[in-house]
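Accompanying notes for the structure given below.
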Amino acid sequence: MTAAPPGARVSVRGWGWRHAGRRAPALSDVSLELSPGERVLLLGPSGSGKSTLLQALAGVLGGEEEGEASGELLVDGAPPRAGTAGLVLQDPDSQVVLARVGDDVAFPQENLGVPREEIWRRVPEALESVGLDLQLGHPTSSLSGGQKQRLALAGALAMRSRMLLLDEPTANLDPVGVGEVRDAVARAVAASGATLIVVEHRVAVWRDLVDRVIVLDERGVVVADGSTEAVLERRGAELARSGVWVPGHPPSHPRREPTIGGMLLEARGLAVGRHPFASRTPQVAASGLDLAVHAGEAIAVTGPNGAGKSTMALTLAGLLASVEGEVRASPALSSPRGSDPARWRSRELLPRIGMVFQEPEHQFVASTVRSELEVGPRALGLGRAEIDSRVDGLLERLRLHRLADANPFTLSGGEQRRLSVATALATRPRILILDEPTFGQDSRTWEQLVALLAEQLDGGTAIVAVSHDREFVAALADRELSLLAAEVTP
(Lines give C-alpha, C1' and ligand atoms only; values in the text may rest on other atoms or scores of the structure.)
Protein backbone atom coordinates (compact mmCIF):
# COMPACT_ATOMS: atom_id res chain seq x y z
CA MET A 1 0.00 0.00 0.00
CA THR A 2 1.36 3.42 -0.98
CA ALA A 3 2.45 5.51 2.03
CA ALA A 4 0.00 8.30 2.80
CA PRO A 5 0.74 11.73 4.28
CA PRO A 6 0.39 12.19 8.05
CA GLY A 7 -2.83 13.40 9.58
CA ALA A 8 -4.13 16.93 9.41
CA ARG A 9 -4.02 19.49 12.23
CA VAL A 10 -7.34 21.16 13.03
CA SER A 11 -7.82 24.47 14.82
CA VAL A 12 -11.30 25.84 15.62
CA ARG A 13 -11.55 29.06 17.61
CA GLY A 14 -14.82 30.71 18.55
CA TRP A 15 -16.41 29.30 15.42
CA GLY A 16 -20.13 29.35 14.72
CA TRP A 17 -22.59 28.96 11.87
CA ARG A 18 -26.11 30.25 11.28
CA HIS A 19 -28.13 28.77 8.42
CA ALA A 20 -29.88 31.31 6.21
CA GLY A 21 -33.50 31.58 7.31
CA ARG A 22 -32.89 29.99 10.74
CA ARG A 23 -33.37 32.00 13.90
CA ALA A 24 -30.95 30.07 16.08
CA PRO A 25 -27.36 29.28 15.09
CA ALA A 26 -26.49 25.69 14.26
CA LEU A 27 -23.23 26.05 16.18
CA SER A 28 -22.03 28.62 18.71
CA ASP A 29 -18.52 29.58 19.82
CA VAL A 30 -16.90 26.18 19.14
CA SER A 31 -13.24 25.99 20.12
CA LEU A 32 -11.07 22.88 19.84
CA GLU A 33 -7.64 21.75 18.68
CA LEU A 34 -6.95 18.39 17.03
CA SER A 35 -3.42 17.08 16.64
CA PRO A 36 -2.44 15.14 13.51
CA GLY A 37 -3.65 11.54 13.70
CA GLU A 38 -6.14 12.00 16.53
CA ARG A 39 -9.25 9.81 16.39
CA VAL A 40 -12.32 11.68 17.61
CA LEU A 41 -15.92 10.65 18.21
CA LEU A 42 -18.21 13.69 17.93
CA LEU A 43 -21.44 13.28 19.88
CA GLY A 44 -24.51 15.34 20.63
CA PRO A 45 -28.31 15.37 20.40
CA SER A 46 -30.11 15.50 17.08
CA GLY A 47 -29.78 18.99 15.57
CA SER A 48 -26.76 20.03 17.65
CA GLY A 49 -24.67 20.91 14.59
CA LYS A 50 -22.42 17.86 14.30
CA SER A 51 -22.95 17.46 10.54
CA THR A 52 -22.50 21.20 10.02
CA LEU A 53 -19.09 21.09 11.70
CA LEU A 54 -17.95 18.16 9.55
CA GLN A 55 -19.06 19.91 6.36
CA ALA A 56 -17.18 23.05 7.43
CA LEU A 57 -14.00 21.06 8.04
CA ALA A 58 -14.39 19.47 4.60
CA GLY A 59 -14.82 22.87 2.94
CA VAL A 60 -18.30 22.08 1.55
CA LEU A 61 -20.55 24.04 3.89
CA GLY A 62 -21.59 26.62 1.32
CA GLY A 63 -21.32 30.32 0.66
CA GLU A 64 -23.00 33.40 2.06
CA GLU A 65 -26.33 32.52 0.43
CA GLU A 66 -26.53 29.37 2.62
CA GLY A 67 -25.50 30.89 5.92
CA GLU A 68 -23.11 33.02 7.93
CA ALA A 69 -19.92 31.87 9.68
CA SER A 70 -18.15 33.49 12.62
CA GLY A 71 -14.81 32.85 14.27
CA GLU A 72 -11.89 30.89 12.79
CA LEU A 73 -11.70 27.36 11.39
CA LEU A 74 -8.39 26.12 9.95
CA VAL A 75 -7.04 22.82 8.65
CA ASP A 76 -3.24 22.72 8.56
CA GLY A 77 -3.18 26.48 9.10
CA ALA A 78 -5.48 27.41 6.20
CA PRO A 79 -9.22 27.53 5.47
CA PRO A 80 -10.35 24.04 4.39
CA ARG A 81 -10.66 23.35 0.66
CA ALA A 82 -13.35 21.15 -0.87
CA GLY A 83 -12.14 17.81 -2.12
CA THR A 84 -9.13 17.42 0.14
CA ALA A 85 -10.76 15.52 3.03
CA GLY A 86 -12.29 12.08 2.78
CA LEU A 87 -15.94 12.85 3.61
CA VAL A 88 -18.94 10.57 4.01
CA LEU A 89 -22.12 12.61 4.29
CA GLN A 90 -25.14 11.71 6.37
CA ASP A 91 -27.09 11.15 3.14
CA PRO A 92 -24.91 8.83 0.99
CA ASP A 93 -27.35 9.15 -1.91
CA SER A 94 -26.18 12.75 -2.36
CA GLN A 95 -22.59 11.58 -2.89
CA VAL A 96 -23.27 9.19 -5.77
CA VAL A 97 -21.88 11.02 -8.83
CA LEU A 98 -21.29 8.54 -11.62
CA ALA A 99 -23.28 5.70 -13.14
CA ARG A 100 -20.92 2.82 -12.36
CA VAL A 101 -19.55 1.69 -9.01
CA GLY A 102 -15.88 1.67 -10.03
CA ASP A 103 -16.05 5.08 -11.67
CA ASP A 104 -17.72 6.57 -8.58
CA VAL A 105 -14.88 5.41 -6.32
CA ALA A 106 -12.31 6.65 -8.83
CA PHE A 107 -13.86 10.11 -9.24
CA PRO A 108 -12.52 11.86 -6.10
CA GLN A 109 -9.04 10.44 -6.75
CA GLU A 110 -9.09 11.88 -10.26
CA ASN A 111 -9.88 15.28 -8.74
CA LEU A 112 -6.79 14.92 -6.53
CA GLY A 113 -4.59 14.10 -9.52
CA VAL A 114 -3.81 10.52 -8.48
CA PRO A 115 -2.15 8.66 -11.41
CA ARG A 116 -4.52 6.42 -13.35
CA GLU A 117 -2.65 3.21 -12.59
CA GLU A 118 -2.75 3.96 -8.86
CA ILE A 119 -6.46 4.86 -9.00
CA TRP A 120 -7.46 1.51 -10.46
CA ARG A 121 -5.29 -0.33 -7.98
CA ARG A 122 -7.00 1.47 -5.10
CA VAL A 123 -10.60 1.11 -6.35
CA PRO A 124 -11.06 -2.67 -5.91
CA GLU A 125 -9.10 -2.56 -2.64
CA ALA A 126 -11.48 0.07 -1.23
CA LEU A 127 -14.61 -1.77 -2.37
CA GLU A 128 -13.39 -5.01 -0.84
CA SER A 129 -12.48 -3.31 2.42
CA VAL A 130 -16.07 -2.11 2.98
CA GLY A 131 -17.68 -5.39 1.92
CA LEU A 132 -19.21 -4.12 -1.33
CA ASP A 133 -18.82 -7.25 -3.46
CA LEU A 134 -19.90 -5.89 -6.85
CA GLN A 135 -18.44 -5.66 -10.32
CA LEU A 136 -16.78 -2.32 -11.13
CA GLY A 137 -19.37 -1.76 -13.87
CA HIS A 138 -22.34 -2.37 -11.59
CA PRO A 139 -24.88 0.50 -11.95
CA THR A 140 -25.02 2.82 -8.95
CA SER A 141 -28.70 3.47 -9.65
CA SER A 142 -29.55 -0.07 -8.52
CA LEU A 143 -27.81 0.13 -5.14
CA SER A 144 -29.73 0.02 -1.89
CA GLY A 145 -29.33 2.77 0.68
CA GLY A 146 -26.90 0.67 2.71
CA GLN A 147 -24.87 -0.20 -0.38
CA LYS A 148 -24.63 3.50 -1.27
CA GLN A 149 -23.34 4.13 2.25
CA ARG A 150 -20.58 1.55 1.68
CA LEU A 151 -19.83 3.05 -1.73
CA ALA A 152 -19.41 6.53 -0.25
CA LEU A 153 -17.03 5.18 2.38
CA ALA A 154 -15.02 3.29 -0.25
CA GLY A 155 -14.58 6.53 -2.20
CA ALA A 156 -13.44 8.38 0.92
CA LEU A 157 -10.98 5.65 1.95
CA ALA A 158 -9.51 5.40 -1.56
CA MET A 159 -8.58 9.12 -1.45
CA ARG A 160 -6.10 8.42 1.39
CA SER A 161 -6.50 11.97 2.58
CA ARG A 162 -4.93 13.50 5.67
CA MET A 163 -8.36 13.77 7.28
CA LEU A 164 -11.30 11.33 7.26
CA LEU A 165 -14.72 12.75 8.21
CA LEU A 166 -17.57 10.27 8.68
CA ASP A 167 -21.17 11.35 9.33
CA GLU A 168 -23.11 8.37 10.72
CA PRO A 169 -21.36 5.93 8.37
CA THR A 170 -23.17 2.83 9.73
CA ALA A 171 -26.69 4.23 10.15
CA ASN A 172 -28.33 2.23 7.34
CA LEU A 173 -26.14 -0.87 7.48
CA ASP A 174 -26.98 -4.41 8.53
CA PRO A 175 -25.06 -5.77 11.56
CA VAL A 176 -22.44 -7.49 9.41
CA GLY A 177 -21.94 -4.29 7.43
CA VAL A 178 -21.46 -2.26 10.62
CA GLY A 179 -18.55 -4.48 11.60
CA GLU A 180 -17.03 -4.44 8.12
CA VAL A 181 -17.18 -0.65 7.88
CA ARG A 182 -15.79 -0.11 11.35
CA ASP A 183 -12.90 -2.50 10.65
CA ALA A 184 -12.21 -0.89 7.26
CA VAL A 185 -11.94 2.53 8.91
CA ALA A 186 -9.65 1.13 11.61
CA ARG A 187 -7.31 -0.34 9.01
CA ALA A 188 -7.31 2.83 6.93
CA VAL A 189 -6.42 5.21 9.75
CA ALA A 190 -3.82 2.80 11.14
CA ALA A 191 -2.10 2.65 7.75
CA SER A 192 -2.35 6.33 6.89
CA GLY A 193 -2.13 8.19 10.18
CA ALA A 194 -5.10 10.30 9.05
CA THR A 195 -6.97 12.47 11.51
CA LEU A 196 -10.38 10.84 12.05
CA ILE A 197 -13.65 12.48 13.13
CA VAL A 198 -16.72 10.25 13.35
CA VAL A 199 -20.23 11.54 14.00
CA GLU A 200 -22.43 8.76 15.34
CA HIS A 201 -25.32 8.48 17.76
CA ARG A 202 -24.52 4.85 18.65
CA VAL A 203 -21.34 5.03 20.71
CA ALA A 204 -20.56 1.34 21.20
CA VAL A 205 -19.44 0.76 17.60
CA TRP A 206 -16.60 3.32 17.76
CA ARG A 207 -15.56 3.68 21.39
CA ASP A 208 -12.61 1.25 21.12
CA LEU A 209 -11.28 2.90 17.95
CA VAL A 210 -11.24 6.54 19.07
CA ASP A 211 -9.00 8.15 21.66
CA ARG A 212 -11.03 11.30 22.26
CA VAL A 213 -14.72 12.19 22.63
CA ILE A 214 -16.20 15.66 22.04
CA VAL A 215 -19.82 16.38 22.94
CA LEU A 216 -22.02 19.24 21.70
CA ASP A 217 -25.23 20.23 23.43
CA GLU A 218 -28.47 21.08 21.65
CA ARG A 219 -27.28 24.70 21.18
CA GLY A 220 -24.15 23.53 19.36
CA VAL A 221 -21.82 24.37 22.26
CA VAL A 222 -18.98 22.05 23.35
CA VAL A 223 -19.93 20.68 26.78
CA ALA A 224 -17.48 17.77 27.11
CA ASP A 225 -14.06 17.06 25.63
CA GLY A 226 -11.62 14.43 26.79
CA SER A 227 -10.51 10.83 26.66
CA THR A 228 -13.05 8.09 26.00
CA GLU A 229 -12.91 6.99 29.62
CA ALA A 230 -13.19 10.50 31.06
CA VAL A 231 -16.23 11.43 28.95
CA LEU A 232 -18.22 8.20 28.55
CA GLU A 233 -17.59 6.51 31.88
CA ARG A 234 -17.34 9.39 34.30
CA ARG A 235 -20.11 11.46 32.70
CA GLY A 236 -22.14 8.65 31.15
CA ALA A 237 -25.36 9.17 33.12
CA GLU A 238 -25.31 12.92 32.48
CA LEU A 239 -24.75 12.45 28.74
CA ALA A 240 -27.46 9.79 28.53
CA ARG A 241 -29.97 12.23 29.99
CA SER A 242 -29.03 14.73 27.27
CA GLY A 243 -29.75 12.20 24.50
CA VAL A 244 -26.36 10.59 23.87
CA TRP A 245 -26.49 6.83 23.28
CA VAL A 246 -24.13 5.77 26.07
CA PRO A 247 -23.47 2.03 26.53
CA GLY A 248 -25.12 0.78 29.71
CA HIS A 249 -27.83 3.47 29.59
CA PRO A 250 -30.58 2.06 27.31
CA PRO A 251 -33.51 4.26 26.30
CA SER A 252 -36.95 3.55 27.69
CA HIS A 253 -39.98 2.58 25.64
CA PRO A 254 -43.65 1.84 26.35
CA ARG A 255 -44.67 -1.70 27.28
CA ARG A 256 -47.35 -2.74 24.80
CA GLU A 257 -50.10 -5.31 25.02
CA PRO A 258 -51.02 -5.43 21.34
CA THR A 259 -54.58 -5.91 20.20
CA ILE A 260 -54.52 -7.23 16.64
CA GLY A 261 -57.53 -6.39 14.46
CA GLY A 262 -58.71 -7.38 11.02
CA MET A 263 -56.54 -7.84 7.95
CA LEU A 264 -55.93 -4.61 6.01
CA LEU A 265 -53.40 -5.55 3.34
CA GLU A 266 -52.18 -8.83 1.90
CA ALA A 267 -49.30 -9.80 -0.37
CA ARG A 268 -49.25 -13.22 -2.04
CA GLY A 269 -46.49 -14.72 -4.17
CA LEU A 270 -45.01 -11.24 -4.39
CA ALA A 271 -41.89 -10.42 -6.39
CA VAL A 272 -40.63 -6.84 -6.18
CA GLY A 273 -38.15 -4.91 -8.28
CA ARG A 274 -37.28 -1.69 -10.06
CA HIS A 275 -36.47 -0.81 -13.62
CA PRO A 276 -32.79 -0.02 -14.21
CA PHE A 277 -32.12 3.13 -16.21
CA ALA A 278 -33.28 2.84 -19.85
CA SER A 279 -34.54 -0.74 -19.35
CA ARG A 280 -38.07 -2.11 -19.66
CA THR A 281 -37.17 -5.27 -17.76
CA PRO A 282 -37.40 -4.93 -13.98
CA GLN A 283 -34.53 -6.09 -11.84
CA VAL A 284 -36.07 -8.39 -9.22
CA ALA A 285 -34.93 -7.52 -5.70
CA ALA A 286 -36.92 -10.12 -3.72
CA SER A 287 -39.48 -12.80 -4.57
CA GLY A 288 -41.73 -15.41 -3.02
CA LEU A 289 -43.08 -13.00 -0.42
CA ASP A 290 -46.30 -13.68 1.49
CA LEU A 291 -47.48 -11.24 4.11
CA ALA A 292 -50.72 -10.19 5.79
CA VAL A 293 -50.88 -6.82 7.59
CA HIS A 294 -53.47 -6.44 10.35
CA ALA A 295 -54.84 -3.40 12.17
CA GLY A 296 -52.87 -2.57 15.31
CA GLU A 297 -49.95 -4.78 14.29
CA ALA A 298 -46.28 -3.85 13.85
CA ILE A 299 -44.18 -5.89 11.43
CA ALA A 300 -40.42 -5.35 11.26
CA VAL A 301 -38.77 -6.05 7.89
CA THR A 302 -35.12 -6.97 8.41
CA GLY A 303 -32.28 -8.48 6.41
CA PRO A 304 -28.96 -7.59 4.80
CA ASN A 305 -28.38 -4.54 2.63
CA GLY A 306 -29.52 -5.16 -0.92
CA ALA A 307 -32.09 -7.81 0.02
CA GLY A 308 -34.98 -5.72 -1.38
CA LYS A 309 -36.44 -4.35 1.84
CA SER A 310 -36.97 -0.78 0.58
CA THR A 311 -38.31 -2.02 -2.76
CA MET A 312 -40.80 -4.20 -0.92
CA ALA A 313 -41.87 -1.25 1.24
CA LEU A 314 -42.50 0.93 -1.82
CA THR A 315 -44.52 -1.89 -3.42
CA LEU A 316 -46.70 -2.41 -0.34
CA ALA A 317 -47.26 1.36 -0.24
CA GLY A 318 -48.59 1.38 -3.81
CA LEU A 319 -45.67 3.40 -5.17
CA LEU A 320 -44.22 0.55 -7.24
CA ALA A 321 -46.13 -2.08 -9.20
CA SER A 322 -45.39 -5.71 -8.32
CA VAL A 323 -43.26 -7.77 -10.70
CA GLU A 324 -45.18 -10.96 -9.89
CA GLY A 325 -47.94 -11.88 -7.49
CA GLU A 326 -50.28 -9.35 -5.96
CA VAL A 327 -50.81 -6.79 -3.25
CA ARG A 328 -54.46 -6.60 -2.27
CA ALA A 329 -56.24 -4.33 0.18
CA SER A 330 -59.14 -5.61 2.24
CA PRO A 331 -62.65 -4.26 1.52
CA ALA A 332 -62.26 -2.05 4.61
CA LEU A 333 -59.21 -0.36 3.07
CA SER A 334 -59.91 -0.54 -0.69
CA SER A 335 -60.52 2.63 -2.69
CA PRO A 336 -63.09 3.17 -5.47
CA ARG A 337 -60.32 2.19 -7.90
CA GLY A 338 -60.10 -1.33 -6.51
CA SER A 339 -57.94 -3.34 -4.13
CA ASP A 340 -54.49 -2.85 -5.72
CA PRO A 341 -52.79 0.17 -4.07
CA ALA A 342 -50.58 0.66 -7.15
CA ARG A 343 -53.71 1.71 -9.06
CA TRP A 344 -54.82 4.30 -6.52
CA ARG A 345 -54.35 8.02 -6.95
CA SER A 346 -52.24 9.94 -4.45
CA ARG A 347 -55.30 11.43 -2.76
CA GLU A 348 -56.69 7.92 -2.28
CA LEU A 349 -53.42 6.70 -0.80
CA LEU A 350 -53.08 9.52 1.73
CA PRO A 351 -55.70 8.38 4.31
CA ARG A 352 -55.05 4.69 3.63
CA ILE A 353 -51.29 4.03 3.34
CA GLY A 354 -48.60 6.48 4.44
CA MET A 355 -45.01 5.99 3.26
CA VAL A 356 -41.80 7.28 4.82
CA PHE A 357 -38.88 6.95 2.38
CA GLN A 358 -35.39 5.87 3.40
CA GLU A 359 -34.11 9.25 2.16
CA PRO A 360 -36.29 11.90 3.89
CA GLU A 361 -35.49 14.74 1.50
CA HIS A 362 -36.94 12.77 -1.42
CA GLN A 363 -40.45 13.47 -0.15
CA PHE A 364 -40.19 17.18 0.77
CA VAL A 365 -42.09 19.59 -1.47
CA ALA A 366 -42.65 22.74 0.62
CA SER A 367 -40.44 25.64 1.71
CA THR A 368 -41.07 25.45 5.47
CA VAL A 369 -41.53 22.67 8.00
CA ARG A 370 -45.05 23.82 8.84
CA SER A 371 -46.16 24.03 5.23
CA GLU A 372 -44.64 20.58 4.60
CA LEU A 373 -46.85 19.15 7.31
CA GLU A 374 -49.87 20.89 5.83
CA VAL A 375 -49.50 19.37 2.34
CA GLY A 376 -51.28 16.08 3.05
CA PRO A 377 -54.15 17.46 5.17
CA ARG A 378 -54.77 20.18 2.55
CA ALA A 379 -54.93 17.55 -0.20
CA LEU A 380 -57.60 15.76 1.84
CA GLY A 381 -59.66 18.96 2.01
CA LEU A 382 -59.50 19.37 5.78
CA GLY A 383 -60.51 22.65 7.37
CA ARG A 384 -58.07 25.22 8.77
CA ALA A 385 -58.77 24.38 12.41
CA GLU A 386 -58.21 20.66 11.90
CA ILE A 387 -55.02 21.23 9.91
CA ASP A 388 -53.61 23.52 12.61
CA SER A 389 -54.51 21.03 15.35
CA ARG A 390 -52.74 18.16 13.61
CA VAL A 391 -49.68 20.18 12.61
CA ASP A 392 -49.18 21.85 15.99
CA GLY A 393 -49.49 18.52 17.77
CA LEU A 394 -46.89 16.84 15.58
CA LEU A 395 -44.47 19.78 15.80
CA GLU A 396 -44.59 19.58 19.58
CA ARG A 397 -44.42 15.79 19.94
CA LEU A 398 -41.45 15.40 17.59
CA ARG A 399 -39.46 18.40 18.87
CA LEU A 400 -39.83 20.35 15.65
CA HIS A 401 -41.80 23.33 17.00
CA ARG A 402 -38.80 25.69 17.03
CA LEU A 403 -38.13 24.77 13.39
CA ALA A 404 -41.64 25.43 12.07
CA ASP A 405 -40.48 28.26 9.77
CA ALA A 406 -37.21 26.61 8.68
CA ASN A 407 -36.68 25.15 5.22
CA PRO A 408 -36.81 21.32 5.46
CA PHE A 409 -33.57 21.04 3.50
CA THR A 410 -31.66 22.99 6.19
CA LEU A 411 -32.59 20.52 8.94
CA SER A 412 -30.20 17.94 10.33
CA GLY A 413 -30.60 14.34 9.18
CA GLY A 414 -32.37 13.38 12.40
CA GLU A 415 -34.71 16.37 12.18
CA GLN A 416 -35.50 15.54 8.55
CA ARG A 417 -36.32 11.98 9.55
CA ARG A 418 -38.75 13.12 12.25
CA LEU A 419 -40.35 15.54 9.79
CA SER A 420 -40.81 12.80 7.21
CA VAL A 421 -42.52 10.59 9.80
CA ALA A 422 -44.70 13.52 10.84
CA THR A 423 -45.81 14.19 7.25
CA ALA A 424 -47.10 10.61 7.04
CA LEU A 425 -48.84 10.85 10.42
CA ALA A 426 -50.51 14.14 9.45
CA THR A 427 -52.99 12.33 7.14
CA ARG A 428 -53.70 9.63 9.76
CA PRO A 429 -53.44 6.65 7.40
CA ARG A 430 -54.66 3.17 8.34
CA ILE A 431 -51.24 1.69 7.48
CA LEU A 432 -47.79 3.27 7.98
CA ILE A 433 -44.89 1.97 5.86
CA LEU A 434 -41.64 3.22 7.41
CA ASP A 435 -38.15 2.82 5.95
CA GLU A 436 -35.51 3.20 8.70
CA PRO A 437 -37.74 5.42 10.88
CA THR A 438 -35.19 5.90 13.68
CA PHE A 439 -32.24 6.96 11.53
CA GLY A 440 -30.27 9.88 13.02
CA GLN A 441 -32.11 9.98 16.36
CA ASP A 442 -30.55 10.63 19.73
CA SER A 443 -31.90 8.54 22.59
CA ARG A 444 -34.45 11.17 23.64
CA THR A 445 -35.94 11.72 20.20
CA TRP A 446 -35.84 7.93 19.69
CA GLU A 447 -37.95 7.50 22.83
CA GLN A 448 -40.44 10.14 21.70
CA LEU A 449 -40.70 8.68 18.20
CA VAL A 450 -41.22 5.14 19.48
CA ALA A 451 -43.84 6.33 21.98
CA LEU A 452 -45.75 8.17 19.25
CA LEU A 453 -45.71 5.11 16.96
CA ALA A 454 -46.86 2.92 19.86
CA GLU A 455 -49.87 5.22 20.25
CA GLN A 456 -50.68 4.76 16.57
CA LEU A 457 -50.62 1.00 17.02
CA ASP A 458 -52.85 1.22 20.09
CA GLY A 459 -55.29 3.26 18.00
CA GLY A 460 -55.52 0.51 15.37
CA THR A 461 -52.98 1.75 12.81
CA ALA A 462 -50.83 -0.98 11.26
CA ILE A 463 -47.08 -0.43 10.89
CA VAL A 464 -44.63 -2.10 8.53
CA ALA A 465 -41.11 -0.87 9.33
CA VAL A 466 -37.87 -1.59 7.51
CA SER A 467 -35.17 -1.33 10.14
CA HIS A 468 -31.68 -2.39 11.22
CA ASP A 469 -32.34 -0.88 14.66
CA ARG A 470 -32.65 -3.87 16.99
CA GLU A 471 -33.82 -1.70 19.90
CA PHE A 472 -36.66 -0.42 17.72
CA VAL A 473 -37.59 -3.94 16.61
CA ALA A 474 -37.61 -5.17 20.21
CA ALA A 475 -39.71 -2.22 21.38
CA LEU A 476 -42.49 -2.32 18.78
CA ALA A 477 -42.48 -5.34 16.48
CA ASP A 478 -45.11 -8.05 16.88
CA ARG A 479 -43.60 -10.04 14.00
CA GLU A 480 -40.37 -9.97 12.05
CA LEU A 481 -40.02 -10.62 8.32
CA SER A 482 -36.48 -11.49 7.26
CA LEU A 483 -36.04 -11.08 3.54
CA LEU A 484 -32.92 -13.20 3.71
CA ALA A 485 -35.05 -16.20 4.64
CA ALA A 486 -38.25 -14.79 3.10
CA GLU A 487 -40.33 -16.05 5.99
CA VAL A 488 -42.26 -14.52 8.88
CA THR A 489 -41.27 -15.59 12.39
CA PRO A 490 -43.04 -14.86 15.70
Gap between atom OG of Ser31 and atom CD of Glu72 - 0.5 Å precision
10.0 Å
Say you draw a straight line from CG of Asp174 to CD of Gln147; how long is it, rounded to the nearest 0.5 Å?
9.5 Å
Which residue pairs pass the salt bridge (Lys or Arg N to Asp or Glu O under 4.0 Å) test with at least one member in residues 431-449, sequence neighbours excluded?
Glu218-Arg444
Do Leu289 and Leu483 have side chains that approach each other closer than 4.5 Å (heavy atoms only, starting at C-beta)?
yes
Does Glu200 pair with Arg182 as a salt bridge, N-O distance under 4.0 Å?
no
Do Gln363 and Ser420 have a side chain donor and acceptor closer than 3.5 Å?
no
Does the side chain of Ser11 pick up a donor-acceptor pair with the side chain of Glu33 at under 3.5 Å?
yes
Got a second to check how far Thr445's OG1 is from Arg397's CZ, nearest 0.5 Å?
13.0 Å
Would you check if Val284 and Glu324 make a side-chain contact, meaning some heavy-atom pair closer than 4.5 Å?
no
Show me, pair by pair, the donor-acceptor contacts under 3.5 angstrom made by side chains of residues 42-51, not counting sequence neighbours?
from  : atom 1 : to     : atom 2 : distance (Å)
Ser46 : OG     : Arg418 : NH1    : 3.0
Ser48 : OG     : Pro45  : O      : 2.8
Ser48 : OG     : Lys50  : NZ     : 3.4
Lys50 : NZ     : Gly44  : O      : 3.1
Lys50 : NZ     : Pro45  : O      : 3.1
Ser51 : OG     : Asp167 : OD1    : 3.4
Ser51 : OG     : Asp167 : OD2    : 2.5

Once side-chain contact (heavy atoms from CB on, under 4.5 Å) is applied, do any residues pair with Ser70, and if so which ones, sequence neighbours excluded?
none
Would you compute the distance between atom CZ of Arg479 and atom CD1 of Ile299 and round it to the nearest 0.5 angstrom?
4.0 Å
Please check if the side chain of Glu297 supplies one atom and the backbone of Ala462 the other of a donor-acceptor pair under 3.5 Å.
no
In Å, rounded to the nearest 0.5 Å, how long is the span from CG of Leu291 to CG of Leu316?
6.5 Å
Is a side-chain N or O of Lys309 found less than 3.5 angstrom from the main chain of Ala465, in a donor-acceptor match?
no
Step by step, work out the salt bridge (charged side-chain N to carboxylate O under 4.0 Å, His left out) result for Glu118 and Arg121.
CA-CA 5 Å; Glu118 177 66 11; Arg121 193 179 68 80; 3.0 Å; yes
Any side-chain heavy atom of Leu432 sitting closer than 4.5 Å to one from Leu453?
yes
Any side-chain heavy-atom pair of Phe364 and Gln416 under 4.5 Å
yes
Are any non-hydrogen side-chain atoms of Val369 and Glu415 less than 4.5 angstrom apart?
no
Would you check if there is a donor-acceptor pair between the side chains of Thr140 and Asp104 at a distance under 3.5 Å?
no
Less than 4.0 Å between a side-chain N and a carboxylate O, is that true for Arg470 and Glu480?
yes
To the nearest 0.5 angstrom, please state how far the OG atom of Ser161 sits from the CD atom of Gln109.
9.5 Å
Distance alone, cut at 3.5 Å: any donor-acceptor contact between the side chains of Arg274 and Thr311?
yes
Using a strict cut-off of less than 4.0 Å between a Lys/Arg side-chain nitrogen and an Asp/Glu carboxylate oxygen, indicate whether Arg417 and Glu168 qualify as a salt bridge.
no
Decide if atom CZ of Arg235 counts as having more than 12 heavy atoms of other residues, nucleotides or ligands within a radius under 6.0 Å.
yes
